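Scroll down for the structure; my scribbles are underneath it.
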Amino acid sequence: MNDLVTIYVPTKNRLGLLTRALNSVLAQSYRPLELIVVSDGATDGTCDYVNQLRGQHSDIQVKLIHNEQSQGACAARNLAIQAATGRFITGIDDDDVFMPDRIERFVRQWHALEEKGESFSCLFDRRIVNAGGSVMLWDLDARVDLPAILETNAIGNQVFTTPERLVEIGMFDAAMPAWQDWETWVRLVRRFGPAVSICSNTYLMDISHEFERITLKSPERIISAAQLFYDRHCQRRNMAGLLRSLAGYQQIKLSASDFFTMLGGGRSHAKFAVKQLKYGKYKASLAPTLHAGGK
């Protein structure tokens, strides 16, 4: 008999997008599944829709957790993790889509790595990103160890692992203003070993719609998250990588001090820093965006 896989979906008032995401879960080639939808204060009919899905598939358990008051995405994910009964667990954002064989490929790769005696914390896959006018492919690294994940979120927004491992590392941290997934993966990789990609392009991330994504959050919130991330996990040698990640946000401009930090961060970071000059990415300030403290 196949192992039960839990898939969790936090959502709030995005029923039109949620139905697409859940349909992609229900269309998975792998069985059995446990689908946990966490309605984080939704008032748009989400609960009625999810309840209608119950009993429609004998090999998919559909469960609903409803928060009367919104507690945030991290708390919603953690509720699902604590309620999970599957051997394995993974998530999907309510505006994204699974390819039909995503879970099947994850389970097959997990067992193959176990049979080889390999040590790893989780699996992930490359994301196909729909940006509206263009489609991009992200997360190209086949294996991500601790030094790599401290430089950039080379894993993405979802992993395939076990509920027990996520519970052991403390799950998602609601104190993070942003970068909650990245910060969680750091703790996961630090505790259990590298993340391994299945290199199969099974996740479609949709950033073409008008709803909020982290790319639209205030620059202060993102910088605050980056500073907290640095204080918790990083050394001075990781600063250039974090600044490079911050440079990816349109609403954030780096300083002249940041430019010189990236110049000294290695060839790749230096090349990136120089390239950003023609995009007007720097402001006329010597104050560093992030502070290294005593590290």
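As the structure is a prediction and not an experimental result, all values here were calculated from the model.
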Mark yes when over 12 heavy atoms from residues, nucleotides or ligands other than Leu286 sit less than 6.0 Å from its CG; otherwise mark no.
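12 or below, so no.
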How about [X] and [Y]: do any of their side-chain heavy atoms sit closer than 4.5 Å?
| X | Y | result |
| --- | --- | --- |
| Lys281 | Lys275 | no |
| Trp182 | Ile149 | yes |
| Leu228 | Glu183 | no |
| Arg87 | Leu4 | no |
| Asn2 | Pro32 | yes |
| Leu26 | Gln28 | no |
| Ile36 | Ile65 | yes |

Would a distance-only check, ignoring hydrogens and angles, find a side-chain to backbone donor-acceptor pair under 3.5 Å from [X] to [Y]?
| X | Y | result |
| --- | --- | --- |
| Asn238 | Cys234 | no |
| Lys63 | Glu34 | no |
| Ser200 | Ile198 | yes |
| Thr184 | Gln180 | yes |
| Asp48 | Gly45 | no |
| Arg127 | Met205 | no |
| Asp141 | Arg143 | no |
| Glu104 | Ser29 | no |
| Tyr8 | Leu79 | no |
| Gln71 | Asn67 | no |

Report the C-alpha distance between Leu35 and Val9 in whole Å, list the side-chain angles of each, state the deciding distance to 0.1 Å, and finish with yes or no for side chain to side chain contact (heavy atoms under 4.5 Å, CB included).
CA-CA 8 Å; Leu35 172 60; Val9 192; 3.8 Å; yes
Looking only at side chains, do [X] and [Y] share a donor and an acceptor under 3.5 Å apart?
| X | Y | value |
| --- | --- | --- |
| Thr289 | Asp258 | yes |
| Asn78 | Gln82 | no |
| Gln251 | Ser218 | no |
| Thr90 | Gln158 | no |
| His291 | Asp231 | no |

Pi-cation contact, Phe172 with Arg77 (under 6.0 Å, within 45°)
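That pair qualifies as a cation-pi contact.
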Do [X] and [Y] share a hydrophobic cluster (ILVMFWY, side-chain heavy atoms under 4.5 Å, transitive)?
| X | Y | answer |
| --- | --- | --- |
| Phe88 | Leu123 | yes |
| Met262 | Leu277 | yes |
| Val38 | Phe98 | no |
| Met176 | Leu242 | yes |

Mind jotting down which residue pairs meet the side-chain hydrogen bond (donor to acceptor under 3.5 Å, both in side chains) criterion with at least one end in residues 163-172? Sequence neighbours excluded, please.
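The answer is Glu168-Arg191.
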Over 60° means perpendicular and under 30° means parallel, so classify the ring planes of Tyr249 and Trp179, tilted if in between.
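Ring orientation, 0 to 90° scale: parallel.
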Mind telling me whether Phe160 and Phe106 have parallel, tilted or perpendicular rings, with 30° and 60° as the class edges?
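Rings of Phe106 and Phe160: parallel, under 30°.
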Minimal non-hydrogen separation, [X] against [Y], with atom names:
| X | Y | answer |
| --- | --- | --- |
| Leu254 | Leu243 | CD1-O, 3.7 Å |
| Asp40 | Gln69 | OD1-O, 4.1 Å |
| Ala154 | Phe124 | O-CE1, 3.5 Å |
| Asp96 | Leu204 | CB-O, 3.2 Å |
| Thr162 | Ile89 | C-CG2, 3.7 Å |
| Pro288 | Ser257 | CB-OG, 3.8 Å |

Would you mind listing every ring pair (Phe, Tyr, Trp, His ring centres under 6.0 Å) that reaches into residues 18-69, with sequence neighbours excluded?
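Non-adjacent pairs meeting ring pair (Phe, Tyr, Trp, His ring centres under 6.0 Å): zero.
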Using a strict 4.0 Å threshold on nitrogen-to-oxygen distance, state whether [X] and [Y] make a salt bridge.
| X | Y | value |
| --- | --- | --- |
| Glu114 | Arg108 | no |
| Arg20 | Asp206 | yes |
| Arg31 | Asp59 | yes |

Using salt bridge (Lys or Arg N to Asp or Glu O under 4.0 Å) as the criterion, list what pairs up with Arg54, not counting sequence neighbours.
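Testing Arg54 for salt bridge (Lys or Arg N to Asp or Glu O under 4.0 Å), a comparison that skips the adjacent residues, returns none.
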Pair Val186, Asn153 - check side chain to side chain contact (heavy atoms under 4.5 Å, CB included), show working.
CA-CA 9 Å; Val186 169; Asn153 184 2; over 6 Å; no
Carefully, step by step, assess Val196 and Val144 under the rule side chain to side chain contact (heavy atoms under 4.5 Å, CB included).
CA-CA 6 Å; Val196 178; Val144 179; over 6 Å; no
To the nearest 0.5 angstrom, please state how far the [atom1] atom of [X] sits from the [atom2] atom of [Y].
| X | Y | atom1 | atom2 | answer |
| --- | --- | --- | --- | --- |
| Ser24 | Arg102 | OG | CZ | 9.5 Å |
| Leu150 | Met239 | CG | CE | 12.5 Å |
| Leu17 | Leu22 | CG | CG | 11.0 Å |
| Leu33 | Ile60 | CG | CD1 | 5.0 Å |
| Gln61 | Ile7 | CD | CD1 | 11.5 Å |
| Ile252 | Ile222 | CD1 | CD1 | 4.5 Å |

Kindly determine whether Asp145 and Arg190 satisfy salt bridge (charged side-chain N to carboxylate O under 4.0 Å, His left out), including the steps that lead there.
CA-CA 8 Å; Asp145 58 13; Arg190 189 189 299 276; over 6 Å; no
Scan Asp125, Asp93, Ile128 and name whichever one has a side chain to side chain contact (heavy atoms under 4.5 Å, CB included) with Tyr203.
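Running side chain to side chain contact (heavy atoms under 4.5 Å, CB included) over Asp125, Asp93, Ile128 with Tyr203 returns exactly one hit, Asp93.
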Ring centroid separation Phe120 to Trp110 under 6.0 Å
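Judged by ring-centre distance (under 6.0 Å), Phe120 and Trp110 do meet the cut-off.
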Side chain to side chain contact (heavy atoms under 4.5 Å, CB included) between Arg244 and Gln276, worked out:
CA-CA 10 Å; Arg244 185 169 177 171; Gln276 298 311 299; over 6 Å; no
